[in-house]
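The structure under discussion appears below in the form of structure tokens.
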Amino acid sequence: MQHHVSLRHLNTFGLESFAQSFVEVESVEELTEILRNPELKNTPKFILGGGSNILLKQDIDALVIKISIGGIDKIKEDDNHIWLHVGAGEKWHDFVMYCVDNGYAGVENLSLIPGTVGAAPMQNIGAYGVEIKDVVESVETIFYDSKETRIFTNEECNFGYRESIFKHDLKGKCIITGVTFRLNKNPVYHVEYGDIQKTLQDAGVESLSIKAVSDAVIHIRKSKLPDPAEIGNAGSFFKNPEIPEEQFNKLKSDHPTLPGYPASPGFVKVPAGWLIEQTGWKGYRDGAVGVHARQALVLVNYGGGSGAEIKLLSQKIQKSVSEKFGINLSAEVNFI
Ligand code: EPU
């Protein structure tokens, strides 16, 4: 265990923040040992995955536990599917590449998403028409209080758009240690979303493959989203709001270019990136922080910015969008 550890390289925004103490665990046994340690009984604990969806506004007065539990293991297979158990600490994209290389379909649209496998179910990560709820068989956890393990079935995870039981009822109660995925041996491709079709055409792809779809997604993401290794960011900063159909129709008559996508019955999902662009924030920069020039939904730290500055910027954006469109944007990123 180390003390006063900088987390700057452990969060994709690249924000400076110090952990009171820090430990990295590589197995469920090591994690259990820490949870059971009587000397740490009253020490607050904070779980860190890939640090790709957090905004660190201050130092963390807790024991930060970095989950580095690895391993990709085949559980079973039949003619159509394969079940893989993956340690929570595996990098999400490495797992996707493993599936692409082995011809297992289902996660290729989720290529290049930063973060770890264990963090993925928290907010039901999604991109290009696929969410992990489509491939999660179960999620393995350990509870802080009882130190007991519990496996949640897909249904028990209560997955929704960037939502799960782990963000709500179980917040702060358990730690995700592994995820079991059910992947397809017979691919079903999802290429309807956005630019995928066009990107495949431009690349001269004649017959679809898992690798071709993954490559197309990687190409699109690289062209729009800043690489956290170069410019600090946490992907989409806000969720795309779902608004009542009536409000959408009224806004659409005032702003005919307003895009809208199907959502829950009676609601329309509108892209927060469009709303932010329309309020003039796209490409905005104030010192070290700003709004990405190619994707208005992504706030960036050019280096040396603080969590407080990014939070302030996000509040200004929320205010503009609320004033112009009467829509409240809610953050997708977790403020710590
Ligand atoms: N748009 C603009 N201006 C912008 C950005 C977007 O007008 O600056 C509009 C365009 O109409 C565009 C539409 O928004 O067609 C959708 O944009 P995009 O395809 O880039 O997706 P998004 O809705 O902004 C969501 C996810 C992303 C995911 C992409 C692709 C959320 C909060 N974000 O973004 O996820 O990669 O779709 O599926 O749902 C993340 O969660 O961190 C993330 C990157």
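This structure is a prediction, so every number in the text was calculated from the model and none was measured. Values below: all heavy atoms of this structure, side chains included; hydrogens, waters and symmetry mates excluded.
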Check whether Y144 forms a cation-pi arrangement with K45 (NZ or CZ under 6.0 Å from the six-membered ring centre, at most 45° off the ring normal). no
Quick one: does I67's side chain get under 4.5 Å of I47's, heavy atoms only? yes
What heavy-atom pair brings A212 and L200 nearest, and what distance separates the two atoms? O-CD2, 3.6 Å
Could you go step by step and tell me if Q295 and H292 meet the side chain to side chain contact (heavy atoms under 4.5 Å, CB included) rule? CA-CA 5 Å; Q295 213 325 349; H292 191 52; 4.1 Å; yes
Check for a donor-acceptor pair, side chain of S17 on one end and backbone N or O of L7 on the other, with a separation under 3.5 Å. no
Between Q247 (side chain) and G326 (backbone), is there a donor-acceptor pair under 3.5 Å? yes
Start with the C-alpha gap between Y193 and Y261, add the side-chain angles, then the distance that decides, and say whether side chain to side chain contact (heavy atoms under 4.5 Å, CB included) holds. CA-CA 11 Å; Y193 187 100; Y261 309 104; 5.6 Å; no
How long is the gap from CD on E148 to CG on L35, to the nearest 0.5 Å? 12.5 Å
Test: K239 and E163 ion pair at under 4.0 Å: yes
Closest approach of G304 to A288 (non-hydrogen atoms, all atoms of both residues): C-CB, 4.0 Å
Backbone N or O of E140 within a donor-acceptor pair of the T177 side chain at under 3.5 Å? yes
Please check this pair: side chain of E277 against backbone of G273, looking for a donor-acceptor N/O pair closer than 3.5 Å. no
Approximate separation, where rounding is to 0.5 Å, of N233 CG and N301 CG: 9.5 Å
Would you indicate whether K147, at its atom NZ, is surrounded by more than 12 heavy atoms from other residues, nucleotides or ligands within a distance under 6.0 Å? yes
Not counting sequence neighbours, which residues clear side chain to side chain donor-acceptor pair (under 3.5 Å) with K198? List them please. D202
With side chains defined as the heavy atoms from C-beta onward, is the minimum distance between I82 and R182 less than 4.5 Å? no
What distance separates I54 CD1 from N334 CG, expressed to the nearest 0.5 Å? 8.0 Å
Only counting residues at least two apart or in another chain, list the ones meeting side chain to side chain donor-acceptor pair (under 3.5 Å) with N80. N186
Can you see whether S111 engages S214 through a side-chain donor-acceptor pair at a distance of less than 3.5 angstrom? yes
Assess, by modelled atom type and distance only, whether the side chains of S320 and W281 contain a donor and an acceptor separated by less than 3.5 Å. yes
Does S164 use its side chain to pair, donor to acceptor, with the backbone of G160 at less than 3.5 Å? no
Going through the distances and angles, do F143 and D145 end up as a side chain to side chain contact (heavy atoms under 4.5 Å, CB included)? CA-CA 6 Å; F143 276 69; D145 284 352; 5.6 Å; no
So which pairs with a foot in residues 55-83 pass salt bridge (Lys or Arg N to Asp or Glu O under 4.0 Å), sequence neighbours left out? K74-E77, E77-K185
Ignoring hydrogens, what is the shortest heavy-atom contact between I218 and H93? Give both atom names and the distance. CD1-CE1, 3.9 Å
Is there a side-chain contact between N240 and V270 (heavy atoms, below 4.5 Å)? no
If only side-chain N and O atoms count, and only distance matters, is there a donor-acceptor pair under 3.5 Å linking E90 with T116? no
Below 6.0 angstrom between ring centroids: does that apply to F248 and F267? no
Got a sec: does the CD of E192 have more than 12 other heavy atoms crowding it under 6.0 Å? yes
Minimal heavy-atom distance between A127 and L110, with the atoms involved, is N-CD2, 3.4 Å
Does any N or O in the side chain of D169 come within less than 3.5 Å of the main-chain N or O of I165, such that one atom is a donor and the other an acceptor? no
Taking V291's backbone N and O only, do any of them form a donor-acceptor pair with K282's side chain (distance below 3.5 Å, no angle check)? no
For the residue pair W83 and Y104, is the inter-centroid distance of their aromatic rings smaller than 6.0 Å? no
Under 3.5 Å donor-acceptor, D195 side chain and T199 backbone: no
Under 4.0 Å between a side-chain nitrogen and a carboxylate oxygen: does that hold for R8 and E16? yes
Donor-acceptor contact below 3.5 Å, side chain N124 vs main chain R162: no
Verify the distance criterion only: is there a donor paired with an acceptor across the side chains of E24 and S68 at less than 3.5 Å? yes
Using a strict threshold of under 4.0 Å (side-chain N to carboxylate O), is an ion pair present between E156 and R150? yes
Do H4 and F22 make the cut of ring centroids closer than 6.0 angstrom? no
So do V136 and F159 actually touch side chain to side chain, heavy atoms under 4.5 Å? yes
Salt bridge (Lys or Arg N to Asp or Glu O under 4.0 Å): pairs with one or both residues in residues 290-312, sequence neighbours excluded: none
Can you tell me if D286 uses its side chain to pair, donor with acceptor, with the backbone of V289 under 3.5 Å? no
Residue pairs passing the salt bridge (Lys or Arg N to Asp or Glu O under 4.0 Å) test where at least one lies in residues 210-229, sequence neighbours excluded: K211-D215
Angle class for the F166/F152 ring planes (parallel below 30°, perpendicular above 60°, tilted otherwise)? perpendicular
Identify, with sequence neighbours excluded, every residue that meets side-chain contact (heavy atoms from CB on, under 4.5 Å) alongside A105. E108, N184, P187, I210
Shortest non-hydrogen separation from T32 to V28 and the atoms involved: OG1-O, 2.6 Å
In Å and rounded to the nearest 0.5 Å, what is the CG to OG distance from N328 to S322? 5.0 Å
Nearest heavy-atom contact between V130 and G106 is CG1-O, 3.7 Å
Check this for me: does any side-chain nitrogen of one of E323 and K319 sit under 4.0 Å from a carboxylate oxygen of the other? yes
Rounded to the nearest 0.5 Å, what's the gap from CD1 on I231 to CG on L225? Could you check? 11.0 Å
Taking it one step at a time, do S330 and F238 satisfy side chain to side chain contact (heavy atoms under 4.5 Å, CB included)? CA-CA 6 Å; S330 52; F238 301 101; over 6 Å; no
Got a sec: does the NE2 of H81 have more than 12 other heavy atoms crowding it under 6.0 Å? yes
Rounded to the nearest 0.5 Å, the CE atom of M122 sits from the CD1 atom of I176 at a distance of 5.5 Å
